[in-house]
Amino acid sequence: KKRATTCITERTERMKKSVRITLTQDEYNHLLALKNYLGLKSLVETVSFSVEKEINQHQGNSTYLYYLEEARKGEKQC
């Protein structure tokens, strides 16, 4: 499958983090469709919106909160 590479800048309260992802063409098409469907201005805004929505779904999950705490303590990388 052909993959498209997108660079995303993540804004946090303290700093910005840059993330580079590689998407299949179909994943990129879905991302673009979401951007247009939601009326967002950029792919970065679309990814941020989607990540925030996903995070909100897991806020009450103790396992997720454990991994979040670990990430904050050690700033683990993928």
Side-chain angles (χ1 to χ4, degrees):
K1 291 182 179 179
K2 188 175 180 182
R3 298 180 92 65
T5 300
T6 304
C7 189
I8 297 168
T9 301
E10 175 184 332
R11 294 187 178 128
T12 63
E13 293 176 9
R14 296 185 191 132
M15 67 182 82
K16 292 181 181 181
K17 296 281 186 180
S18 180
V19 178
R20 178 168 281 196
I21 61 172
T22 302
L23 303 171
T24 64
Q25 186 61 52
D26 191 52
E27 290 167 335
Y28 179 81
N29 292 341
H30 279 278
L31 184 60
L32 191 56
L34 277 172
K35 175 187 136 331
N36 294 328
Y37 176 74
L38 297 170
L40 300 172
K41 295 178 183 177
S42 67
L43 293 177
V44 172
E45 188 177 10
T46 306
V47 170
S48 293
F49 175 85
S50 299
V51 169
E52 185 176 328
K53 188 172 180 178
E54 189 68 22
I55 288 168
N56 289 338
Q57 287 186 308
H58 299 283
Q59 283 300 315
N61 183 303
S62 60
T63 303
Y64 171 75
L65 294 175
Y66 166 79
Y67 284 109
L68 177 59
E69 185 176 325
E70 290 298 308
R72 287 179 173 161
K73 281 195 281 188
E75 294 188 15
K76 288 184 179 180
Q77 299 296 317
C78 299

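Predicted model, so just to flag it, every value in this text is computed and none were measured.
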* Asked: Checking side-chain contact (heavy atoms from CB on, under 4.5 Å) for the pair Leu31/Lys35: CA distance, chi angles, key distance, verdict?
  -> CA-CA 6 Å; Leu31 184 60; Lys35 175 187 136 331; over 6 Å; no
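Under the 4.5 Å side-chain heavy-atom criterion for ILVMFWY residues, a single connected hydrophobic cluster contains both Leu32 and Val19. Taking hydrophobic clusters as Ile, Leu, Val, Met, Phe, Trp and Tyr residues chained together by side-chain heavy-atom distances below 4.5 Å, Phe49 does not share a cluster with Val51. Under a hydrophobic-cluster definition in which Ile, Leu, Val, Met, Phe, Trp and Tyr are linked whenever side-chain heavy atoms come within less than 4.5 Å, directly or via other members, Leu40 and Leu34 are assigned to the same cluster.
For the atom pair Glu54 CD and Tyr64 OH, the distance stands at 9.0 Å (nearest 0.5 Å). Interatomic distance, Glu45 CD to Leu38 CG, rounded to the nearest 0.5 Å: 9.5 Å. Here the OG atom belonging to Ser50 is positioned 11.0 Å from the CD1 atom belonging to Ile55, to the nearest 0.5 angstrom.
We find that Glu69 and Arg72 are not joined by a salt bridge, their nearest charged nitrogen and carboxylate oxygen being 4.0 Å or further apart.
Minimum heavy-atom separation, Tyr28 to Leu43: CE1-CD1, 3.7 Å.
Of the listed residues (His58, Gln59, Glu70), just one forms a side chain to side chain contact (heavy atoms under 4.5 Å, CB included) with Leu65, and that residue is Gln59.
In this structure, Glu52 places its CD atom where only 12 or fewer heavy-atom neighbours from other residues, nucleotides or ligands lie under 6.0 Å away.
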